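These notes concern the structure reproduced below.
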Protein chains: 2
Amino acid sequence: MGRTPEFDREDVLDRALLLFWQKGFHATSIRDLVDVTGLGKASIYNAFGNKEQFFKTVLDRYAMQSEQAQLQRLDAVTPASEAIRIYFEDLIRFSVTIGPRLGCLYTNTAVELAPRLEKMENYLKGQFEKTEERLATTIRRGHDDGSIPTSVVPETTANILLNLAFGIRVQARLGSSEEKLRGIVEGSMAALLFYPYRSNLAHQSEARSA
Amino acid sequence: MGRTPEFDREDVLDRALLLFWQKGFHATSIRDLVDVTGLGKASIYNAFGNKEQFFKTVLDRYAMQSEQAQLQRLDAVTPASEAIRIYFEDLIRFSVTIGPRLGCLYTNTAVELAPRLEKMENYLKGQFEKTEERLATTIRRGHDDGSIPTSVVPETTANILLNLAFGIRVQARLGSSEEKLRGIVEGSMAALLFYPYRSNLAHQSEARSA
DNA sequence: GTAGTTTTGGGCAGATTGCTCAAAAATTCA
DNA sequence: TGAATTTTTGAGCAATCTGCCCAAAACTAC
């Protein structure tokens, strides 16, 4: 029992998420959150605790909407090479389409709060490691279904692909166009995963055996 | 004429630089700067203006010490492929060795202050574009001196290399080890620039024509 | 020494920060 | 209806923030 909350919790979280995503943790004040969510200061503290706890809740919601969804698609798509390609397509779409200069909330947060990263280790570093492991697993699946040459080492390449993802997220944050990011992903994947087709090679040298 | 300042300007700038580098712009207060530099509030405002102007001055000093120095070495080293390799070696050293979880001040700043990036466009975006152009130029030089296959397209590959650099800087900020970053650079460069030798390929497939 | 100039330290003003508390309003259960 | 529980509301707290000012100290030029 008790009084019914007037706000829609998910809606409030989404609004707060977008604000934190745009401005970062420190630059977002409680006042800003009050303005964007429409509910009073005390209501925020009552419903979500202090600013740091609120931010962590927002991070969880972000995880639900972005990373987890993308990682699930990694396992769902066949062949494995296509899954990786789609993973990066989703990454770009999610980093660019929703709003300008958003990038990835996880990456932005990790860069901004790196000095006090110990407190958020479970949230961020674990997520990144999980992504890397999933990528390695997918590469191994590509060995089985024949879409990725067995000569490609899963661990090393997953490491490099995660680094590629970090670069994409940062450049999305800086306002790079979707096309430019697509070109980077395409060129990198071609060089790393698909031996014969490499878009960063001039087309004159296409005649080369696989 | 007038009273001689008691502080060494370069020393103060270096201390402030390190602090901004560690904590970021918003999390660094004037009080923090007073503590770390040892001089009073008024002296800071007198010598460097307000916080934002001080930060820009610090960015300039950072440019002098890091980016510019690294870019100059790009042109100095022969062959061109070695120049690029050394560029990334310097990048890693500079991002990891000076202090833990520092990364690159430019990248950190760009990520943190992306929403108000218009005001710093000259400082950051220009620097990144300059780096990309320098990389492309170096690749062309590699075409001439024979260290990089002419099949490697300068613009596309420079684009990808810049993205690689962003990833390295972020991972350095997250505390990745020097060895891990070296592995990423080595694997990426091998795949992108040096056709026959690719460390992310298993050694069993080494017998392949160049 | 004197005048002019700059640094320095202290402190102040105004705004903003994150946060709390008590009372009012709304809902459920008895 | 009345008691219990929860949310909302608004006022306000203590601390910190940035930015600036002013008088005193220190230095240079004359």
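Everything numeric in this text was worked out from a predicted model, so none of it was measured. Order of the sequence lines fixes the chain letters, A, B, ..., with proteins taken first and strands second; residue numbering starts at 1 for each chain. Side chains are part of it too, since the values below use all heavy atoms of this structure and drop only hydrogens, waters and symmetry mates.
- Proximity of a side-chain donor or acceptor of B:D145 to a complementary backbone N or O of B:A80 within less than 3.5 Å is detected.
- Within the 4.0 angstrom heavy-atom criterion, only backbone atoms of the sugar-phosphate kind lie near A:F7; the bases stay farther away.
- Atoms CG (A:N50) and P (C:dT20) sit 8 Å apart, rounded to a whole Å.
- Of the candidates D:dT8, C:dT8, C:dT27, C:dT8 carries the atom nearest the B:A42 side chain, counting heavy atoms from C-beta on.
- Both B:P5 and B:K41 sit near DNA chain C, but only B:P5 has its closest nucleotide nearer the 5' end.
- Between B:L33 atom CG and D:dT16 atom P the separation is 17 Å, expressed in whole Å.
- By the 6.0 Å and 45° rule, A:K51 stacks over the aromatic ring of A:F25.
- The listed nucleotides are D:dC20, D:dT28, C:dC19; the one nearest the side chain of B:Y45 is D:dC20.
- Nucleic acid contact class of A:N46 (heavy atoms, under 4.0 Å, all strands): base.
- Computed from coordinates, the A:F54 CZ to C:dC19 P distance equals 12 Å when rounded to whole Å.
- Between A:R141 and A:D144, no side-chain nitrogen of the basic residue sits less than 4.0 Å from a carboxylate oxygen of the acidic one, so the salt-bridge criterion is not met.
- Distance CG (B:D32) to C1' (D:dT18): 13 Å, rounded to an integer number of Å.
- Rounded to whole Å, atom C1' of C:dC19 lies 16 Å from atom CZ of A:F48.
- Note on A:S43: a base of the nucleic acid sits closer than 4.0 angstrom, heavy atoms only.
- Atom CG in B:D35 sits roughly 14 Å away from atom C1' in D:dC17 (whole-Å rounding).
- Atom CZ in B:R101 sits 13.0 Å away from atom CG in B:N108 (nearest 0.5 Å).
- Residues A:D32 and A:S29 bring a donor and an acceptor atom of their side chains to less than 3.5 Å of each other.
- Side-chain atoms of A:S176 do not come within 3.5 Å of backbone N or O of A:L181 as any donor-acceptor pair.
- Contacts of residues 18-31 of chain A with DNA chain C (heavy atom under 4.0 Å): A:T28, A:S29, A:I30, A:R31.
- Going from atom CG of A:L39 over to atom P of D:dG10 covers 13 Å, rounded to whole Å.
- In this structure, B:I44 atom CD1 and C:dT8 atom P are separated by 10 Å, rounded to whole Å.
- For B:R3 against C:dT6, a side-chain-to-base donor-acceptor contact under 3.5 Å is absent.
- Screening A:V12, A:L18, A:D11 against A:R15 for a side-chain contact (heavy atoms from CB on, under 4.5 Å) leaves a single residue, A:D11.
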